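Report on the structure given below.
All values reported here derive from a predicted model rather than from experimental measurement. Both ligands and their constituent atoms are indexed starting at 1 by order of listing.
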Amino acid sequence: MTPTLPSQVKKIPADQLRPGMYIHDLNCGWMDHPFVSNRFAVDDQETLDKIRKLGIREIYIDVTLGLDVSEDAPTAEEVRRDIQARMADIVNQPESPASVPLATERTRAKKLHNEANQIARHMLQDVRLGKQIEMEQINPLVENMIDSIFRNPDALLPLGRLKEHDNYTFQHSVSVCALMIAFARGLGLERSIIKEIAIGALLHDVGKAKVPDAILNKPAKLTEAEFAKMQSHVVQSIIILQHTPGISQIALDVAGQHHERYDGTGYPNQLKGEEISLYGQMGAIVDVYDALTSERVYKKGMPPTEALGKLLEWSKYHFEPELVRKYIRMVGIYPTGSLVRLESGKLAIVLEQSRDKPTQPKVWIMYSSKSNVYVKPEEVDLSRPNCQDRIVGHEDYADWEIDPYRWIKDE
Ligand SMILES: [Fe+2]
């Protein structure tokens with residue numbers, strides 16, 4: 001079958017979807033819909049109703065496999081170019097420079113990341129057994145994570161990208177926690193508030209302890225009943241946190257609102273706009289970003305730059321647009337730990353952001369895309385005036401069969 005060209009795929013408002021059209025992309029995270037595939041023909045009203053109920057506002061259709069729209073609609077190629085232009089327009093605001101060199105912080109961050117994963121794993125096990133969350137462990141952990149990110153965010157943040165299948169739930173919580181701390185720091189929030197945000201982030205999915213493992217780790221699509229059970233984790237998180245002494249309203253907002261959406265299409269309370277607190281809105285952005293970029297048994301992780309583009313695209317409905325722009329400024333257009341292609345044809349891993357030159361980070365060159373071989377690793381600061389090379393785009397580790405574990409964790 002000849003692949004569909006981006007010019008044959010159009011983005012249309014969901015209310016223009018009709019039976020006879022062919023969906024090319026539901027344009028939402030995999031976990032956000034119960035359909036077996038992202039691509040299928042729309043045959044009946046029931047399918048249409050199901051799609052609208054999910055809060056999907058815009059959809060990509062393939063006009064070679066189904067009906068076209070009568071109104072003007074942008075092609076996937078036009079949407080892609082628009083997102084690229086908007087990304088380029090988002091310029092990093094000068095952020096507080098790292099106070100500790102990356103090499104120094106990296107060792108501490110790796111230890112801390114392992115410790116955080118262990119604590120988060122035990123916490124979920126405890127909750128599953130009906131025990132209380134031990135805040136005596138959580139409090140010093142989040143303080144240490146905040147300290148690390150304040151010293152140098154590029155040490156802890158890329159470690160969050162590494163997740164294993166069975167351990168996804170708690171590793172995702174640790175990753176969201178680190179990203180939320182960095183996001184809150186980027187917004188200039190006070191340290192005492194950042195701490196509460198971090199606690200809420202670490203515990204945001206604690207309700208998943210009440211969802212059976214068979215559903216959490218199911219290596220296939222969920223049935224509708226399983227999907228509903230999965231969604232119930234938010235209400236469960238709220239109940240558990242309400243019964244945990246010392247939990248603040250800020251932490252509760254992060255956990256209880258991380259699946260709410262700005263246009264009122266989220267759950268569990270269909271809160272809209274400013275009804276969702278700043279902390280809940282931040283939680284939603286970071287949760288989606290981390291889920292999109294994570295590898296699961298049934299899906300590849302999306303390269304971070306692409307995931308940021310999706311956030312920007314969805315910010316029209318699901319997130320507050322200015323907050324998404326601030327998030328992108330914080331992680332950088334090429335987030336630390338992501339794979340990029342340089343003009344020279346070399347592939348490199350982003351090591352450290354250049355706070356005032358977001359497209360010129362420090363990178364670790366390790367592969368030649370021209371000759372398809374690893375090259376002698378070399379650290380290069382692309383922001384140096386005498387540097388001849390530059391980033392021309394992001395790449396996917398999987399396409400090059402490069403193992404990010406080897407480079408992010410062990411190097
Ligand atoms: Fe969640």
Side-chain angles (χ1 to χ4, degrees), residues 28-34 54-56 116-117 120-121 123-124 127-128 133 138 160-161 163 165-181 183 197-218 221-222 224-242 244 247 250-262 264-271 276-299 301-302 307 310-311 314 318-319 327:
C28 70
W30 180 273
M31 282 314 298
D32 293 335
H33 72 80
L54 287 168
I56 297 172
N117 278 333
R121 180 210 296 265
M123 189 245 318
L124 274 176
V127 172
R128 197 159 283 171
I133 296 171
I138 305 282
R161 293 213 52 213
K163 300 184 185 74
H165 168 56
D166 287 343
N167 300 333
Y168 175 77
T169 305
F170 65 82
Q171 290 181 333
H172 164 71
S173 302
V174 171
S175 176
V176 166
C177 179
L179 286 163
M180 283 288 269
I181 294 170
F183 193 8
I197 291 174
I199 291 173
L202 191 66
L203 302 178
H204 79 284
D205 267 348
V206 69
K208 284 193 178 165
K210 304 287 180 191
V211 178
D213 264 343
I215 296 180
L216 286 181
N217 298 329
K218 187 174 172 182
K221 285 299 291 185
L222 301 180
E224 269 182 67
E226 289 167 339
F227 191 65
K229 184 85 190 160
M230 183 68 121
Q231 289 194 329
S232 74
H233 79 274
V234 181
V235 173
Q236 293 294 347
S237 287
I238 297 172
I239 295 170
I240 294 163
L241 295 187
Q242 278 171 339
T244 305
I247 288 291
I250 294 175
L252 254 177
D253 282 353
V254 174
Q257 299 176 349
H258 76 276
H259 283 287
E260 299 289 355
R261 296 290 177 260
Y262 206 66
T265 58
Y267 61 90
N269 293 317
Q270 287 81 47
L271 299 179
I276 313 168
S277 74
L278 169 66
Y279 317 116
Q281 292 183 32
M282 290 167 68
I285 292 170
V286 174
D287 183 55
V288 168
Y289 173 76
D290 192 68
L292 285 178
T293 52
S294 296
E295 190 105 2
R296 305 300 302 271
V297 175
Y298 48 78
K299 74 157 180 76
M302 195 184 269
K310 278 287 157 199
L311 288 180
W314 297 340
H318 285 175
F319 313 109
Y327 182 70

Exercise: do S294 and K163 side chains pair donor with acceptor under 3.5 Å: yes

The Fe ion (ligand 1) contact by H204, N, O or S atom under 2.8 Å: no

Criterion side-chain hydrogen bond (donor to acceptor under 3.5 Å, both in side chains) against E226, the qualifying member of Q231, K218, K221: K218

For H233, the option from H204, K210, H259 that meets side-chain contact (heavy atoms from CB on, under 4.5 Å): H259

Vertex the Fe ion (ligand 1), arms to H258 NE2 and H259 NE2, rounded to 10°: 80°

Proximal heteroatom of D205 relative to the Fe ion (ligand 1) (N/O/S): OD1

Parallel, tilted or perpendicular: rings of Y289 and Y327 (30°, 60°): perpendicular

